[in-house]
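Structure first, commentary second.
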Amino acid sequence: MSAESTPNLMEAVVSLAKRRGFVFQSSEIYGGLNGFFDYGPLGVELKKNIRDCWWNDMVRRRDDIVGIETSIIMHPKVWQASGHVDGFTDPLVDCKVSKQRYRADQLFFAAVTVDGEVKGYVSALESEDTVGALQAAAESFKRKKAIQGTLAPVVAVEFTEATEAQIPLIPSPATGEPGSLTPPRAFNMMFETHVGPLRDSASVAYLRPETAQGMFVDFKNVVDTGRVKLPFGIAQTGKSFRNEITPRNFVFRSREFEQMEMEFFIHEDDDWAKWHRHWIDWCKDWLLSIGLPASHLSEYDHLKEKLAFYSKGTTDIMFKFPFGVQELWGIAARGNYDLGQHEKASGVPQAIFDETTKKKFIPHVIEPAVGLDRIFLAVLCGAYAEEQVTDEKGKAETRTVLRLSPRIAPVKVAVLPLLKNKEALTERAKELYKKLQRRYAVFYDEAGAIGRRYRRQDEIGTPWCVTIDFDTIEKDGTFTLRERDSMEQRRVTEAELLALLDEQVY
RNA sequence: GCGGCCGUAGUUUAGUGGUAAAACUCCACUCUUCCAAAGUGGUCUCGAGGGUUCGAUUCCCUCCGGCCGCACCA
């Protein structure tokens with residue numbers, strides 16, 4: 001038996017996901033819809049197990065974190081206060097020749113006016129001296145075209161202000177030639193809808209692009225009712241929506257996705273860096289606990305210059321996907337920006353009272369935010385293995401196996417009667433199946449040779465198979481426990497099986 | 001959103017201007033005392049729409065979807 005890396009891992013994982021009913025393309029019979037996915041019978045179990053593990057470890061097994069569930073559609077002012085409305089509506093301009101893309105509000109142009117007559121246009125990207133750049137370009141333009149006369153000082157105009165007639169005459173900053181720029185087009189990343197039957201501008205609402213704002217907006221409600229004390233966290237899981245320009249890489253970047261976010265509120269005088277580190281470590285440990293290989297995990301600190309002005313630091317836990325090392329979990333120290341914004345926008349004070357210092361302050365927050373679908377994909381990529389095994393005739397063949405942690409495996413145990421046509425075997429097997437089913441996701445299978453059934457379970461990541469044979473019913477009642485990764489078999493009693501499950505599945 | 005390549009069964013592929021095939025999978029039955037056994041039978045396919053044509057899965061156009069690159073990723 002030898003494990004080897006799969007040459008085209010991504011293709012293999014996508015193929016398995018489809019073949020075994022983990023993930024389907026949304027609306028497939030209508031040709032599919034880009035950026036949307038459905039989870040099949042096994043996929044929904046795996047996803048639910050990951051979510052449940054997160055919820056249990058993050059909320060139920062802690063004293064300092066509470067859960068909530070907020071609505072997907074919130075008051076539109078939430079997204080103005082959070083900055084999402086402005087941040088999502090940058091108009092963009094494409095250069096059809098150079099394939100460059102510019103933000104229209106960072107691209108400036110000016111008319112080249114000589115003796116009061118417009119001779120053409122020049123353009124420049126926003127810089128420390130945009131006007132100077134435009135002036136230089138205008139002078140160069142005049143020289144090249146050998147125009148005589150007096151050049152008027154240029155007036156910089158944002159490209160968003162360009163008229164329909166001007167756009168074809170404005171040169172692309174990349175090529176210097178006019179005619180290749182498209183009109184500014186708005187790329188709004190938020191899905192819009194209308195609340196109520198009237199479709200006018202007053203009824204516009206958005207599908208949330210993140211779940212985090214729910215925790216901020218409900219902060220006072222939780223503080224007033226939840227008997228919580230700093231430091232404490234509020235957590236939620238749920239769907240979010242982003243109208244991504246290019247969804248790619250299977251479920252890695254999709255337009256409808258599920259987030260698991262927690263906002264951990266700390267005292268303004270507390271050491272944010274310590275908590276930030278604490279949560280990075282917690283998240284890493286948690287990923288290991290559901291079986292992601294440590295070799296695939298790394299950290300990436302966002303550059304200070306690239307952070308939003310309010311952010312004190314953001315660290316991403318990265319995962320080595322087949323298509324590259326990508327962000328899995330972002331742990332952001334957001335200061336008190338979000339609560340502060342909502343206090344300003346709503347007029348409702350968000351500060352809490354410190355009994356020791358007798359002062360009011362707005363708590364700061366550390367935010368570990370992760371996409372459930374991304375973890376799902378990371379889990380599949382990390383667990384997928386193809387092994388060369390040799391059968392008793394010496395014939396080599398490939399065994400496909402998902403090495404999923406028992407914590408998240410969609411099926412924990414497969415119950416298999418050794419033979420289908422011996423009623424004593426199938427009866428005992430069904431009895432055990434019914435019993436296990438009360439607590440665990442189990443699977444009963446009597447179709448085909450026993451080896452084939454083992455392999456079917458390998459492919460969907462079932463950690464254990466138990467086989468009911470003649471010793472079970474004629475001798476001691478024990479059955480064969482076959483382990484997925486080692487393929488080893490040993491005889492166990494029912495009590496031993498239950499103890500094993502109790503220990504491994506939590 | 002731009003460019004390139006691509007779209008035949010659940011999967012991987014073959015093939016054709018006269019409505020399509022193989023392997024594996026899957027289902028049923030027979031058989032089977034521990035790692036994809038065998039036999040028999042069966043289900044399922046040319047991404048969608050238009051055009052050219054007597055006839056299109058095949059040629060053309062549009063759309064949809066996929067992969068790669070660019071851009072985007074608040």
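Lettering of chains follows the sequences in order, A, B, ..., and the numbering in each one begins at 1.
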What does A/Asp469 touch in the nucleic acid at a heavy-atom separation under 4.0 angstrom: a base, only the sugar-phosphate, or nothing?
-> base

For atom C1', what is the distance between B/U53 and B/G17, given to the nearest Å?
-> 9 Å

Sugar-phosphate, base or nothing in reach of A/Ser15, heavy atoms under 4.0 Å | sugar-phosphate

Look at all strands and tell whether A/Lys422 reaches a base, only sugar-phosphate, or nothing, counting heavy atoms closer than 4.0 Å.
-> nothing

For A/Asn421, answer base if it contacts any base atom (sugar-phosphate contacts may also be present), sugar-phosphate if it contacts only those atoms, and nothing otherwise; contact means non-hydrogen atoms under 4.0 Å.
-> base

So what does A/Glu483 touch, heavy atoms closer than 4.0 Å: a base, only the sugar-phosphate, or nothing?
-> nothing

Base, sugar-phosphate alone, or nothing: which one does A/Arg453 contact when heavy atoms must sit under 4.0 Å apart?
-> nothing

Given B/C35, B/C70, B/C34, the nucleotide with the shortest approach to the side chain of A/Arg248 | B/C70

Any chance the rings of A/Tyr39 and A/Phe376 have centres within less than 6.0 Å?
-> yes

Do any pairs count as a side chain to side chain donor-acceptor pair (under 3.5 Å) and have a residue in residues 410-421 of chain A, sequence neighbours left out, and if so which ones?
-> none

Would you indicate what A/Glu11 reaches in the nucleic acid, counting non-hydrogen atoms under 4.0 angstrom: base, sugar-phosphate, or nothing?
-> nothing

Where the side chain of A/Arg452 is concerned, which of B/A74, B/A37, B/C34 is the nearest nucleotide?
-> B/A37

Under 6.0 Å between ring centres, would you say that holds for A/Phe252 and A/Phe250?
-> no

